[in-house]
**Q** 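This structure is in structure tokens; I'll ask about it shortly.
Along the sequence shown, the residues carry numbers beginning at 1. Whatever order the structure lists ligands and atoms in, that order sets their numbers, starting from 1.
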Amino acid sequence: MFSLFMGFYRYLFQKHQFQVLIVGLDYAGKTSVLEQIKTIFCGMEPLPPGKITPTIGLNIGKVSIDGANLVFWDVGGARSLRSLWERYYGEAHGLLFVIDAADTARLEEAREVLRQLLNNAELAGIPLLVFANKQDAAGALTPHEVQARFGLHHAEGSSQPQHVLGTTAIRGEGIDEGVRWLAETLRTSPRALALQTG
Ligand SMILES: Nc1nc2c(ncn2[C@@H]2O[C@H](COP(=O)(O)OP(=O)(O)OP(=O)(O)O)[C@@H](O)[C@H]2O)c(=O)[nH]1
Ligand SMILES: [Mg+2]
């Protein structure tokens, strides 16, 4: 009882820290997104796109937004690496799913990967931000088209908040709005509260 009380006290009065897991297929642009997050919120110089290589391990970025710390975990999206994602599920407060909106040949694969994530009990109630990335590329689906194709229909009052945005990671477009939505949503997320006081 006492530890529950202390956990709730800490939740109310200490600076919150939220962990956000960045996932999606390989080549979707996850690391490019993380580089831009660090640039926008920490003023760090982003790695030039040519210097970003496929992720094998884990990239971490920590940013401070309106009194909350967000820690981003960027993992590799290659098929052989996806089984490693689950080691982060239990401690993830939020999920950022990045899609290459111009790669229509792999949309079905991306849809299936997202479907499995949302069906995973360890991720129950997790706020989901989807970036329909590469909006600059020819033939890219709009965020509305991605929303429809992926069957993402956030119902008012749903226990699993969802938000879909169009981004162009290599130019840093759309990222700021998405990260602010996450920070705002995580503050009132029952899952985040449960993880922080648990
Ligand atoms: N045109 C365009 N290219 C992008 C954009 N975002 C990322 N890319 C390119 O897409 C390629 C893959 O980007 P990464 O950030 O490495 O992708 P990733 O999702 O981290 O890939 P893995 O680490 O293998 O899972 C790189 O060549 C990027 O420069 C974008 O908004 N527009
Ligand atoms: Mg990467």
**Q** List the steps and the verdict of salt bridge (charged side-chain N to carboxylate O under 4.0 Å, His left out) for D100 and K134.
**A** CA-CA 6 Å; D100 180 343; K134 308 200 185 180; 3.2 Å; yes
**Q** Mind checking whether L84 and V75 have side chains closer than 4.5 Å, heavy atoms only?
**A**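 Contact flag for L84/V75 side chains = no.
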**Q** Please tell me if the side chains of R82 and D26 come closer than 4.5 Å, counting only heavy atoms from C-beta onward.
**A**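 Side chain of R82 against side chain of D26, heavy atoms only: contact under 4.5 Å found.
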**Q** Which residue and atom name correspond to the protein heavy atom nearest atom 17 (O) of ligand 1, and how close is it?
**A**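 It is G29 N, 3.1 Å.
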**Q** Can you list the ligand 1 atoms lying under 4.0 Å from a non-hydrogen atom of L25?
**A**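 Numbered from 1, ligand 1 contributes 19 (O).
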**Q** Which heavy-atom pair separates I65 from A183 by the least distance, and what is that distance?
**A**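 Reported closest heavy-atom pair: CG2-CB, 4.2 Å.
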**Q** Check whether any side-chain heavy atom of Q147 lies under 4.5 Å from a side-chain heavy atom of T142, and answer yes or no.
**A**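 Of all side-chain heavy-atom pairs linking T142 with Q147, none is under 4.5 Å.
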**Q** Are the side chains of D74 and L58 in contact, using a 4.5 Å heavy-atom criterion?
**A**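 No - every pair of side-chain heavy atoms lies 4.5 Å or more apart.
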**Q** Restricting to N/O/S atoms, is T55 within less than 2.8 Å of the Mg ion (ligand 2) or not?
**A**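 A backbone or side-chain N, O or S atom of T55 is under 2.8 Å from the Mg ion (ligand 2).
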**Q** Which pair of non-hydrogen atoms, one from E45 and one from E35, has the smallest distance, and what is that distance?
**A**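 Looking at all heavy atoms of both residues, the closest pair is O-OE1, 4.4 Å.
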**Q** Do V71 and V20 have side-chain heavy atoms sitting under 4.5 Å apart?
**A**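 No, too far: nothing below the 4.5 Å cut-off.
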**Q** Which of these, W73, F72, Y88, sits in a side-chain contact (heavy atoms from CB on, under 4.5 Å) with Q19?
**A**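 Single pass found, and it is W73.
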**Q** What residue and atom, counting heavy atoms only, is the protein's closest point to atom 7 (C) of ligand 1, and at what distance?
**A**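 Its nearest protein heavy-atom neighbour is S32 OG, 3.4 Å.
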**Q** For atom 9 (C) of ligand 1, what is the closest protein heavy atom, and at what distance to 0.1 Å?
**A**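 Its nearest protein heavy-atom neighbour is K134 NZ, 3.9 Å.
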**Q** Under 4.0 Å from a heavy atom of A28: which atoms of ligand 1 are those, numbered in the order shown and with their elements?
**A**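 Listed by number with element, the hits are 17 (O), 19 (O).
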**Q** Please list, in number order, the atoms of ligand 1 under 4.0 Å from a heavy atom of G76.
**A**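 The list of qualifying atoms is 25 (O).
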**Q** Enumerate the atoms of ligand 1 whose separation from the nearest heavy atom of T168 is less than 4.0 angstrom.
**A**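 The list of qualifying atoms is 31 (O).
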**Q** So is Q135 polar-close to ligand 1, meaning N/O to N/O under 3.5 Å?
**A**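 Checking ligand 1 against Q135, no N or O pair falls under 3.5 Å apart.
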**Q** Between P54, P48, G50, flag the one that comes closest to atom 24 (O) of ligand 1 by a heavy atom.
**A**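 Heavy atom nearest to atom 24 (O) of ligand 1 belongs to P54.
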**Q** Short list, please: which atoms of ligand 1 are under 4.0 Å from a heavy atom of A169?
**A**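 Listed by number with element: 6 (N), 30 (C), 31 (O).
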**Q** So, do I40 and V179 sit near enough that their side-chain heavy atoms are less than 4.5 Å apart?
**A**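 Result no, sub-4.5 Å side-chain heavy-atom pair not found.
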**Q** Taking C-beta and beyond as the side chain, do Q36 and R171 meet within less than 4.5 Å on heavy atoms?
**A**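 Answer no - side chains too far apart.
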**Q** At under 4.0 Å between heavy atoms, which part of T55 makes contact with ligand 1: side chain, backbone, both or neither?
**A**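 T55 to ligand 1: contacts from backbone and side chain alike.
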**Q** Do V33 and K30 have side-chain heavy atoms sitting under 4.5 Å apart?
**A**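 V33 vs K30: side chains apart.
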**Q** Can you tell me if I170 contacts ligand 1 (heavy atom of the residue under 4.0 Å from the ligand)?
**A**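 Yes, that is the case, since the closest heavy atom of the residue is under 4.0 Å from the ligand.
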**Q** Out of all atoms in ligand 1, which are within 4.0 Å of some heavy atom of P49? Include the element for each.
**A**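 In order of number, 29 (O).
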**Q** What protein heavy atom sits nearest atom 6 (N) of ligand 1, and how far away is it?
**A**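 The protein heavy atom lying closest is N133 ND2, 3.1 Å.
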**Q** When you compare ligand 1 with G77, is there at least one nitrogen or oxygen pair between them that comes in under 3.5 angstrom?
**A**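 Yes: some nitrogen or oxygen of G77 is under 3.5 Å from one in ligand 1.
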**Q** How far is atom 27 (O) of ligand 1 from its nearest protein heavy atom, and which residue and atom name does that atom have?
**A**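 Among all protein heavy atoms, the one nearest atom 27 (O) of ligand 1 is Y27 OH, 3.7 Å.
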**Q** Is the Mg ion (ligand 2) less than 2.8 Å from an N/O/S atom of S32, whether that atom is in the backbone or a side chain?
**A**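 No, since none of the N, O or S atoms of S32 sits under 2.8 Å from the Mg ion (ligand 2).
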**Q** Is there a salt bridge (charged side-chain N to carboxylate O under 4.0 Å, His left out) between R79 and E109? Walk through the geometry before answering.
**A** CA-CA 10 Å; R79 193 181 288 273; E109 184 185 353; 3.1 Å; yes
**Q** Under 4.0 Å, heavy-atom basis, I'd like to know which part of D100 is in contact with ligand 1: side chain, backbone, both or neither.
**A**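 No part of D100 is near ligand 1 at this cut-off.
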**Q** Atom 18 (P) of ligand 1: which protein heavy atom is closest, and how many Å away?
**A**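 Minimum-distance protein heavy atom for atom 18 (P) of ligand 1 reads K30 N, 3.4 Å.
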**Q** Specify the protein heavy atom at minimum distance from atom 1 (N) of ligand 1: its residue, its atom name, and the distance to 0.1 Å.
**A**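 The closest heavy atom on the protein side is D136 OD2, 2.9 Å.
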**Q** Give me the residue, atom name and distance of the protein heavy atom closest to atom 16 (O) of ligand 1.
**A**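 Looking only at protein heavy atoms, the one closest to atom 16 (O) of ligand 1 is I52 CG2, 3.4 Å.
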